[in-house]
Number of protein chains: 2
Amino acid sequence: MPETTRRADRHADRLSGTRYGNRPTMKDVAARAGVGLKTVSRVVNGEPGVTPDTERRVQEAIDALGFRRNDSARVLRKGRTASIGLVLEDLADPFYGPLSRAVEEVARAHGALLINGSSAEDPEREQELALALCARRVDGLVVIPAGDDHRYLEPEIRAGVATVFVDRPAGKIDADVVLSDNYGGARDGVSHLIAHGHRRIGFIGDMPRIHTAAERLRGYRAAMEDAGIPVEGQWMSLGATDPVRVRRAAEDMLSGPTPVTAIFAGNNRVTVTVIRVLAEQSRPVALVGFDDIELADLLQPGVTVVAQDAAALGRTAAERLFRQLDGSLVAPERIELPTRLITRGSGELPPAG
Amino acid sequence: MPETTRRADRHADRLSGTRYGNRPTMKDVAARAGVGLKTVSRVVNGEPGVTPDTERRVQEAIDALGFRRNDSARVLRKGRTASIGLVLEDLADPFYGPLSRAVEEVARAHGALLINGSSAEDPEREQELALALCARRVDGLVVIPAGDDHRYLEPEIRAGVATVFVDRPAGKIDADVVLSDNYGGARDGVSHLIAHGHRRIGFIGDMPRIHTAAERLRGYRAAMEDAGIPVEGQWMSLGATDPVRVRRAAEDMLSGPTPVTAIFAGNNRVTVTVIRVLAEQSRPVALVGFDDIELADLLQPGVTVVAQDAAALGRTAAERLFRQLDGSLVAPERIELPTRLITRGSGELPPAG
DNA sequence: CGCGCATCTGACAACGTTGTCCAGGCTCTA
DNA sequence: TAGAGCCTGGACAACGTTGTCAGATGCGCG
């Protein structure tokens, strides 16, 4: 009866004064090796001042007991945890995978572990996560903001938690920020369509309260204005980017009295849905998407995109974070990484209809 | 001169007896609120036995000082960290994103944080990571094995670290394992090609030391044998799955004296490269891939795949892990999740040539 | 042979929290 | 009004580690 066994175990633990799990500690190792506690600590941490013979005895005891240093206690004593937190929107989003991996690589190079969590685009959850990470005393925090007010982090930053915001700027506090050039990228993408003869160009983007979405919209407007093209309200869709809504938005702007001949898609999710809708259209419609997508080159036509370098965003942010920890950084800075227009066909289609 | 500043800071810290960063502790809060240490603890943890008035005073002190409980110390005292570790191969791989997210969701539902790291398919790095996580005293470990010997985890498991292996089985130890039906999936996929008239079918897969790769190869062989088709050596490529090598393998099996009329691709990365190669061929070649890929339905033809449910793998593993922690689990088990054949066109092409 | 010095070792406090336990003050009842 | 019992608050130890410091041991040299 396993349940009985287990309960008995717990009872035994209670009796012996140790907890369930009952791991050996340095004290146990010391006792077994017949040395002092501190000597074990020295061996475990490779500190000098231990004779080879003693070291061997200690090592044997460690192996025999299966001892592993408790880093929680170590952290408590030393003050640094050698771990950093990453708060992002959704780990399952293909945009954040490479970003996350890049942060991890930099952390690894600095001997730190990475704790990450998804905010699911919910400001409250972002805050909850970030503060939970602070309570764990991560040395630093890389945040992809969901909310637009980060004053809740002020005490933490003051207390020494290195903090860098990525992809979107921090709200209402002064902090390091690493962004893509969303405005410039969108403007270039839309200008590209205009250069290929389009004038009726649709824009489907996320809610403008999301900074990247607002910036890309701004880029769209700027490109249109530069070309002297007045924008009609029905050409723009600014809201949630779930497939149903995006599909309806695309179909609407393709069917009105002044249907668009080209669409600029505000992010990778939008692009994918728009591709599906366009595949169903009888006449060709040009498309430029923000964010690169896998296999974009294999579709017919290939999908022209404004690509941002997710890995570079992550790497830059993480490196900056560790430079904060070094103390080699002074004032918060705003770093903007360039985007790249990749032409593959869909953005070079001429206006039809 | 930052270095000078810093040294001065350290000196000041030394003097005041606190460390760099100098966070308020419960003691500080207690002093400011004019109450005892334990009373603060009670307020912070919502324990009963504090009058509203006292609670208010404490809360004010907490807010004024920007106090946040140090979970490291808490962990040390309580023995559980409310965090679990996930060791996977590559966070940037689109297959692991959803898996990781699923694990995170389950962890979140249990009030736990997720620490994850990439092994980069290196057994040594896997071990290093897993043991680092154990040193942090994670409550449990979800491991996507890179190596085939996990005896190094035995002391940890004995010490109470809940452990579940995903995607590939544990090596040389008895532990919970959650897998996809790699053998059955591959067999079905290859049988599908055979049912559509193919006899010369190529297989491009990863190194057979990787369990999933070996199982899928076994499925391929079984399907061929069931159909009474002898397999020629040049139809199989078993090695690294970098684009260069896969491309060469595909081109080789398409050009020999007995060229294949269909290819079974052993994983998502292989599938993508094979699609590129096939797009360059003059005659149509059938393709079935293991793992679903985004936009597979939009290609010409759509890509037929054997899909596994990455999120379900992660969810199942994490749930099992927390059941281990509950104590409601007894013996290690091997759970196999079914795969699903999704027909989209490429796998239904008839043999050509 | 004794002294000083270098090397090695261990006792002890501290990190910030929580569990245990006891003291004091209050209310309520007889 | 006295006593019982409850409620609130606080002192103290413990969690497992590391830094400090002092003691012990052994060695070389005068």
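Convention: sequence-line order gives letters A, B, ...; per-chain numbering from 1.
Note on B:N45: a side-chain N or O is less than 4.0 Å away from OP1 or OP2 of C:dT18. When the side-chain nitrogen and oxygen atoms of B:R69 are compared with OP1 and OP2 of C:dT18, one or more of them lie within a distance under 4.0 Å. Proximity of B:S41 to the phosphate of C:dT18: a side-chain N or O atom is located under 4.0 Å from OP1 or OP2.
The NZ atom of A:K172 sits 14.0 Å away from the CG atom of A:L153 when rounded to the nearest 0.5 Å.
In this entry the distance linking CZ of A:F67 with P of D:dG16 reads 10 Å, nearest Å. With rounding to whole Å, A:K27 atom NZ is found 12 Å from D:dT17 atom C1'. Atom-to-atom, CE of B:M26 to P of D:dA14 comes out at 20 Å; the value is rounded to the nearest Å. Following rounding to the nearest Å, B:R80 (CZ) and D:dC15 (C1') show an atom-to-atom distance of 15 Å. The CG-P distance, from B:D71 to C:dT17, rounds to 9 Å in whole Å. In this structure, CZ of B:R137 is placed 21 Å from P of C:dT17, rounded to the nearest angstrom. Between the CG atom of A:L65 and the P atom of D:dG16 there is a distance of 14 Å, given to the nearest Å. Atom-to-atom, CD of B:E47 to C1' of C:dT17 comes out at 11 Å; the value is rounded to the nearest Å.
In this structure, of D:dC15, C:dT17, D:dT17, it is D:dT17 that holds the atom nearest to the side chain of A:R74.
Comment: B:E319 does not engage B:R323 in a salt bridge, judged by the lack of any side-chain N to carboxylate O separation of less than 4.0 angstrom.
Here the side chain of B:S119 pairs a donor or acceptor atom with the backbone of B:L88 at under 3.5 angstrom. Side chain of A:D28 to backbone of A:T25: a donor-acceptor contact under 3.5 angstrom is found.
For B:Y96, there are no ring pair (Phe, Tyr, Trp, His ring centres under 6.0 Å) partners two or more places apart in sequence or in a different chain.
Heavy atoms from other residues, nucleotides or ligands lying under 6.0 Å from CG of B:D148 number 12 at most.
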Scan nucleotides 7-13 of chain C against the protein and return all N/O pairs shorter than 3.5 Å with their distances rounded to 0.1 Å.
{"unit_1": "C:dT9", "atom_1": "OP1", "unit_2": "A:T51", "atom_2": "OG1", "d": "2.9"}
{"unit_1": "C:dT9", "atom_1": "OP1", "unit_2": "A:T54", "atom_2": "OG1", "d": "2.3"}
{"unit_1": "C:dT9", "atom_1": "OP2", "unit_2": "A:G49", "atom_2": "O", "d": "3.4"}
{"unit_1": "C:dT9", "atom_1": "OP2", "unit_2": "A:T51", "atom_2": "N", "d": "3.2"}
{"unit_1": "C:dG10", "atom_1": "OP1", "unit_2": "A:G36", "atom_2": "N", "d": "3.3"}
{"unit_1": "C:dG10", "atom_1": "OP2", "unit_2": "A:G36", "atom_2": "N", "d": "2.5"}
{"unit_1": "C:dG10", "atom_1": "OP2", "unit_2": "A:T39", "atom_2": "OG1", "d": "2.7"}
{"unit_1": "C:dG10", "atom_1": "O5'", "unit_2": "A:G36", "atom_2": "N", "d": "3.4"}
{"unit_1": "C:dG10", "atom_1": "N7", "unit_2": "A:R42", "atom_2": "NH2", "d": "2.8"}
{"unit_1": "C:dG10", "atom_1": "O6", "unit_2": "A:R42", "atom_2": "NH2", "d": "3.4"}

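Residues from residues 128-135 of chain B that place a heavy atom under 4.0 Å from any atom of DNA chain C: there are none.
When each of A:V142, A:V103, A:T316 is paired with A:V166, the side-chain contact (heavy atoms from CB on, under 4.5 Å) condition holds for A:V142 and for no other. A side chain to side chain donor-acceptor pair (under 3.5 Å) with B:H150 holds for exactly one of B:Q127, B:E156, B:E126; it is B:E126.
Listed by first and then second residue, the salt bridge (charged side-chain N to carboxylate O under 4.0 Å, His left out) pairs that reach into residues 43-53 of chain A are A:D53-A:R56, A:D53-A:R57, sequence neighbours excluded. Identified under the salt bridge (charged side-chain N to carboxylate O under 4.0 Å, His left out) test for residues 135-146 of chain A, with sequence neighbours left out: A:R136-B:D71.
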Requested in this report: Starting from the C-alpha separation in whole Å, work towards a yes-or-no answer on salt bridge (charged side-chain N to carboxylate O under 4.0 Å, His left out) for A:E128 and B:R108.
Outcome: CA-CA 11 Å; A:E128 191 186 299; B:R108 184 175 133 85; 3.5 Å; yes
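Scanning all heavy atoms of the two residues, the minimum distance from A:R168 to A:A146 falls at NH1-CA, 4.0 Å.
Rounded to 10 degrees, the angle between the two end axes of the helix from C:dC1-D:dG30 to C:dA30-D:dT1 is 50°, with five pairs used at each end.
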